[in-house]
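First the structure, in the form of structure tokens, and then the observations on it.
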Amino acid sequence: MAYYANIIIDISHEKLDRAFQYRIPEALYAEISPGVCVEVPFGKGNRIRRGFVLEITDCAAYDPEKIKEIHALAKGSVAVETQLIALAAWMRKHYGATMNQALKTVIPVKKKTKAREKRMVCLCMEESEAQKWLAIFQKKHYTARARLLEELLQHKELSYALVTQKLHVAPNVIRALEEKQMLRVECEVEYRNPTGHLICRKEPVALNAMQRKAADAVISAMHQGVQGTYLLHGVTGSGKTEVYMELIADVVKAGKQAIVLIPEIALTYQTVVRFCSRFGERVSILNSRLSQGERYDQFLRAKNGGIDIMIGPRSALFTPFSKLGLIIIDEEHEGSYKSESVPKYHARETAIARAKLANASVVLGSATPSVDSYYKAMQGEYRLLRMQRRVAEKPLPICHITDLREELKNGNRSIFGRKLLALMKERLQKKQQIMLFLNRRGLMGFVSCRACGTVIKCPHCDVSLSLHKDNRLRCHYCGYEETAPSACPFCGSSYISGFSAGTQKIEEAVRKQFPDAKPIRMDFDTTRGKDSYEQILSAFKNQEADILIGTQMIVKGHDFPNVTLVGVLAADVSMYAADYRAAERTFQLLTQAAGRAGRGSLPGEVVIQTYNPQHYSIVTAKNQDYEAFYRQEIAVRKLLSYPPVSGLLLLLLTAKEEETAMATAEELAAFARGEQIVGLKIIGPASAVVGRVDDVYRRVIYFKHSDSRCLVELKDRMEGFLKETEEKSRAAVTFDFNPMNGP
Ligand code: ADP
Ligand code: ZN
Ligand code: ZN
């Protein structure tokens with residue numbers, strides 16, 4: 001059998017679709033894999049050019065007789081493209097996507113406008129000679145050439161834009177004169193530097209013993225050439241960022257580069273300034289506020305060696321550093337590290353895959369590590385580093401729990417329990433600041449009893465049922481449904497309903513209770529403008545407001561030294577989202593929220609209001625006891641075969657017609673059953689949480705297996721089946737491994 005390689009000659013985002021097929025000579029079979037750089041005969045003249053292997057196939061794209069053969073492996077050093085293409089191939093395999101979709105994720109988009117590129121046209125011959133040519137052009141009525149030369153004789157250098165736009169000289173005329181070496185076009189690329197204005201170097205702080213130990217563990221392994229993945233579990237304020245910077249300094253000293261991933265939401269001015277003041281202009285950032293051209297510039301700067309450190313959200317992972325030494329993922333538990341579009345990759349796993357290709361190390365950091373990562377650390381796959389205390393021995397805040405059922409019993413139907421109300425009053429008097437936190441993500445329409453805290457759950461899946469407009473409760477894992485009850489099935493109370501309270505409602509309540517207080521609200525509505533997010537935060541920091549009300553946005557990494565009270569208004573909401581990670585999210589949000597209190601010299605207090613004071617995610621968050629939370633949570637995951645103990649694959653089927661979505665779902669479920677994979681559990685098909693979006697119907701199937709490799713294998717077989725039996729009338733199929741946000 002013959003093997004062929006699809007090869008790309010010109011690697012840029014627009015040209016990724018244009019691969020050419022070549023036969024692989026038998027002698028090279030062992031050496032050809034995605035990413036490898038080869039020499040191939042190209043075009044009519046069969047000029048030898050370099051290209052990168054994208055995919056290998058045994059299926060000829062056209063007449064095999066006419067397919068040319070790969071000439072040789074390219075010599076010289078390994079290009080960073082080789083690494084990125086190999087990474088794309090890995091992503092394609094592990095997350096389910098076409099090679100093209102995977103490539104488009106890792107190869108940066110070229111800027112369309114050459115906005116800041118200054119091109120100059122310069123005369124490069126003696127004046128006398130130029131005069132001679134000018135006469136010739138005039139005689140031959142080459143008016144454009146004559147015009148250009150005349151102008152160049154006067155100014156020697158002209159901007160390219162002026163030549164083409166004001167003098168109306170076409171680019172091909174310029175090129176023709178350039179080929180005759182009469183003039184030269186010089187490019188002076190001005191890279192836009194988004195951090196330029198932030199630079200003011202400061203002496204780094206000296207690490208304390210706890211930080212030193214964590215940093216040295218990584219540094220000494222790196223010096224021995226040992227590549228590893230580390231999980232840095234450090235309580236909020238333990239000084240993780242300083243440890244990251246110490247590691248980066250070491251990597252840069254060795255002539256290598258580092259990528260720092262930070263969730264977009266925490267990528268604030270404060271964070272960026274810290275990195276810039278330590279590393280100066282060798283740092284760049286990527287964030288969603290940069291234009292596409294600016295983003296592309298940052299990638300070029302990285303590739304050309306202009307920077308050593310890239311800070312950014314998920315996509316910064318694909319920075320084309322050729323000597324990558326370290327990848328840091330801060331707040332590694334964050335959901336935003338999972339891509340929502342195909343390939344639905346997780347930055348953590350993908351970072352580890354890239355680090356393996358580059359022989360780099362990975363450091364995952366969090367005060368509340370994901371259960372996934374902690375499990376891997378317990379299994380010995382990651383090395384666990386602990387920082388249990390805050391810098392300068394600042395105590396962790398005191399935490400109170402308010403049982404909202406008791407409040408109701410005592411006739412208090414307000415948003416604030418008595419404890420929170422009393423503490424707020426006191427803080428306002430002392431002119432200290434308060435943060436009130438409401439979790440919005442959880443408002444997914446679960447139904448709970450305000451008298452006893454009972455939440456209506458699926459009898460099969462142990463996740464909450466979601467209330468729909470037709471007054472039916474549905475499970476979005478298995479499809480179970482029932483009519484919403486009008487009284488609590490447990491205590492009979494009629495205070496049973498879908499939970500609803502918004503940040504706006506809270507602001508109104510604050511204004512009513514404390515007419516003299518100055519609240520400021522931060523949520524998706526008040527942060528639409530370009531810099532409004534920063535404005536709200538700095539207004540609060542400057543104490544122009546004394547109460548900050550917000551959603552999960554406000555719990556991330558901000559340092560407000562004057563905040564001494566944090567109130568979590570309804571801790572349960574995230575717990576009952578129809579998602580197996582609900583308890584984990586609740587624990588994380590509570591711990592992170594509590595971490596906001598008492599960062600300055602004054603001690604902090606936290607009030608958690610809940611209908612479920614005895615739930616382990618709340619009790620362990622109150623005690624800031626991650627290990628205790630982890631032990632209980634992992635037991636639940638084991639019992640119910642959820643990740644990380646078991647692999648979970650979500651298949652999402654979307655179609656314009658409901659019947660199509662349903663039929664394809666049934667077809668694939670039947671196919672999976674027919675494969676008879678031992679140990680495979682198939683759940684569903686069912687309607688997705690949001691069953692219809694923009695008139696597209698969505699159905700889901702879940703697959704569980706204790707060995708996630710079996711799920712990758714199942715995905716491969718399904719992809720093969722879909723390809724072989726290609727039918728126009730099918731629903732679109734996407735794969736999502738270990739989904740983050742429910743269906
Ligand atoms: P984390 O990232 O773990 O929340 P940070 O790195 O932001 O912690 O540190 C919290 C605060 O303590 C910051 O203001 C930081 O400048 C300060 N800090 C960290 N390490 C030290 C140290 N070794 N000496 C003095 N201050 C430190
Ligand atoms: Zn009840
Ligand atoms: Zn169910």
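Since the structure is predicted, the reported quantities are computational estimates derived from the model, not experimental observations. What you see below is based on every heavy atom in this structure, not just the backbone, and it leaves out hydrogens, waters and symmetry mates. We count ligands from 1, going down the list as the structure has it; atoms in each ligand are counted the same way.
Relative orientation of the Tyr337 and His346 rings is tilted, given thresholds of 30° and 60° on the angle between their planes.
Side-chain atoms of Ser366 and Glu331 form no donor-acceptor pair, as typed in the model, at a separation below 3.5 Å. Using a 3.5 Å distance cut-off with no hydrogens or angles, the side chains of Arg354 and Gln83 do pair a donor with an acceptor.
Of the protein's non-hydrogen atoms, Gly239 CA, 3.5 Å is the one closest to atom 9 (O) of ligand 1. The single protein non-hydrogen atom nearest to atom 19 (C) of ligand 1 is Glu242 CG, 3.3 Å, given as residue, atom name and distance. Looking only at protein heavy atoms, the nearest one to atom 25 (C) of ligand 1 is Val391 CG1, 4.1 Å. In this structure, atom 2 (O) of ligand 1 lies nearest to the protein heavy atom Thr241 OG1, 2.9 Å. With respect to atom 11 (C) of ligand 1, the closest heavy atom belonging to the protein is Asp559 OD2, 4.6 Å.
Here's the thing with Gly234: none of its N/O atoms is less than 3.5 angstrom from an N/O atom of ligand 1. For ligand 1, none of its N or O atoms has an N or O atom of Val205 under 3.5 Å away. The shortest N or O to N or O distance between Thr236 and ligand 1 is not below 3.5 Å. In terms of polar-atom proximity, defined here as any N/O pair under 3.5 Å, Gly237 does make such a contact with ligand 1.
A heavy-atom separation below 4.0 Å is found between Arg274 and ligand 1.
Residues in residues 214-233 take part in these salt bridge (charged side-chain N to carboxylate O under 4.0 Å, His left out) pairs, two or more places apart or across chains: Arg212-Asp216. The list of side chain to side chain donor-acceptor pair (under 3.5 Å) pairs with a residue in residues 618-631, not counting sequence neighbours, reads Tyr374-Glu627, Arg386-Glu627.
For the atom pair CD1 of Ile309 and CZ of Phe321, the computed distance is 7.5 Å after rounding to the nearest 0.5 Å.
Considering each of Lys240, Gln211, Met210, the one bringing a non-hydrogen atom nearest atom 1 (P) of ligand 1 is Lys240.
In this structure, atom 27 (C) of ligand 1 has a protein heavy-atom contact shorter than 4.0 Å. Within a 4.0 Å radius of atom 15 (C) of ligand 1, the protein contributes at least one heavy atom.
Residue contact check: Leu207 has heavy atoms under 4.0 Å from atoms 23 (N) of ligand 1. Each of the following atoms of ligand 1 lies closer than 4.0 Å to a heavy atom of Asn208: 23 (N). With ligand atoms numbered from 1 in the order given, ligand 1 contributes 22 (C), 23 (N), 24 (N) to contacts under 4.0 Å with heavy atoms of Ala206.
In this structure, the side chain of His233 does not engage the main chain of Met387 through any donor-acceptor pair within 3.5 Å.
Looking only at side-chain heavy atoms (C-beta outward), Gln211 and Glu242 come within less than 4.5 Å of each other.
Between Tyr230 and Tyr382, the ring center distance fails the sub-6.0 Å criterion.
Relative to the ring axis of Tyr345, Arg314 places its NZ or CZ within 45° and under 6.0 Å from the centre.
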